[in-house]
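Down below is the structure, laid out as structure tokens.
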Amino acid sequence: MKPTKRDMRQTRILATLADAPTMRVKALASTLEVTTETIRRDLEDLAERGLISRTYGGAMLRAPAEPVLSQRERQLVAEREAIARAAQPRLKRAKTLMIGSGATTAILAKRIAFEMNHVTVIAHSFAVATALSQNPTIRVLMVPGEYHAGEGAMHGSAAIRFLQDYTADWTILGASALSPDGPSDALIEAGDVYATMLRRSARNLIVADHTKFDRMASARYASWSEIELVVSDRAPEGPLAQALERGEVELQVAPLR
């Protein structure tokens, strides 16, 4: 079946957003040489199909569906290791940490196990707990709850109640996506856990590689005004960079070796 003009136009919209992840309606209309009304109808259609998220006056690509943790751990390894090397020294005076699930946080946990001693870590991820177990001086408190097999982590109301009884010097979180509105995760259940961890810590940081920039996932767990530090392998540009600046978020770029 031959694609319609609308099909071809919407394909071009997705390709344009892939190169410039956040665009205004007027800019898209100018690029595609159609009216703003046509673009708005196309964006509504794409949003209903779950391919984009509407933003004020424009659109943003949604984060692609994440593979399970075991697959993500084999991707962007050099970038994640660089992020871990840069982030770990920021934690050196901490006595208690809360660490969220994810491929990058698991690599950072290995770094913590190698570089730090006599700390307590509250974790809901089995990959994080396993990495920390390499150091017998590190005490790990495992969060209870409902087990998510793909992520290898505990979520749900029992996890939330458990976390509310503890505090930490630092919370360290990953993210499926970083948009100008804040960090978000593909799992709604993980978003609930992350938001609770943030409320129970004195300081916090997010570790996320550049592929998460200017994307939106299902569960936003914080606004940028609530985040202190982002460690990534690249510096974002455009709307995300502006949002970090407005939120007074410190950005640390991790050099690749």
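The first residue of the sequence shown is numbered 1, and numbering continues consecutively from there. Since this is a predicted model, take the numbers as computed values, not measurements.
The CD atom of Q10 sits 7.5 Å away from the OG1 atom of T4 when rounded to the nearest 0.5 Å. In this structure, the separation between CG on L97 and CG on L141 is 11.5 Å, given to the nearest 0.5 Å. With rounding to the nearest 0.5 angstrom, the CZ atom of R85 is 10.0 Å from the CD1 atom of I107.
Within the 4.5 Å cutoff, side-chain heavy atoms of M216 are placed close to those of D181. Using a 4.5 Å heavy-atom threshold, the side chains of V230 and L205 count as separate. Side chains of D169 and R203 form no contact here, defined as non-hydrogen atoms less than 4.5 Å apart. In this structure the side chain of Q88 reaches within 4.5 angstrom of the side chain of I112, judged on heavy atoms. The closest side-chain heavy-atom distance from T36 to K26 is below 4.5 Å. Within the 4.5 Å cutoff, the side chain of L178 has heavy atoms near those of the L240 side chain.
Applying the ring-ring contact (aromatic ring centres under 6.0 Å, His included) rule to pairs touching residues 217-257 yields Y194-Y221, sequence neighbours excluded.
Relative orientation of the F162 and Y166 rings is tilted, given thresholds of 30° and 60° on the angle between their planes.
Considering only residues two or more places apart in sequence or on other chains, T105 meets the side-chain hydrogen bond (donor to acceptor under 3.5 Å, both in side chains) condition with none of them. For the side-chain hydrogen bond (donor to acceptor under 3.5 Å, both in side chains) test, no residue two or more places apart in sequence or in another chain qualifies with D165.
Between R90 and E250 there is a salt bridge, since at least one side-chain N of the basic residue sits less than 4.0 Å from a carboxylate O of the acidic one. Between D42 and R6 there is no salt bridge, since no side-chain nitrogen of the basic residue lies less than 4.0 Å from a carboxylate oxygen of the acidic one.
When all heavy atoms are compared, the tightest approach of A177 to R215 is CB-O, 3.3 Å. Shortest non-hydrogen contact noted between N135 and A113 is ND2-O, 2.9 Å.
A continuous path of hydrophobic side-chain contacts links W170 to L132 [ILVMFWY only; heavy atoms under 4.5 Å].
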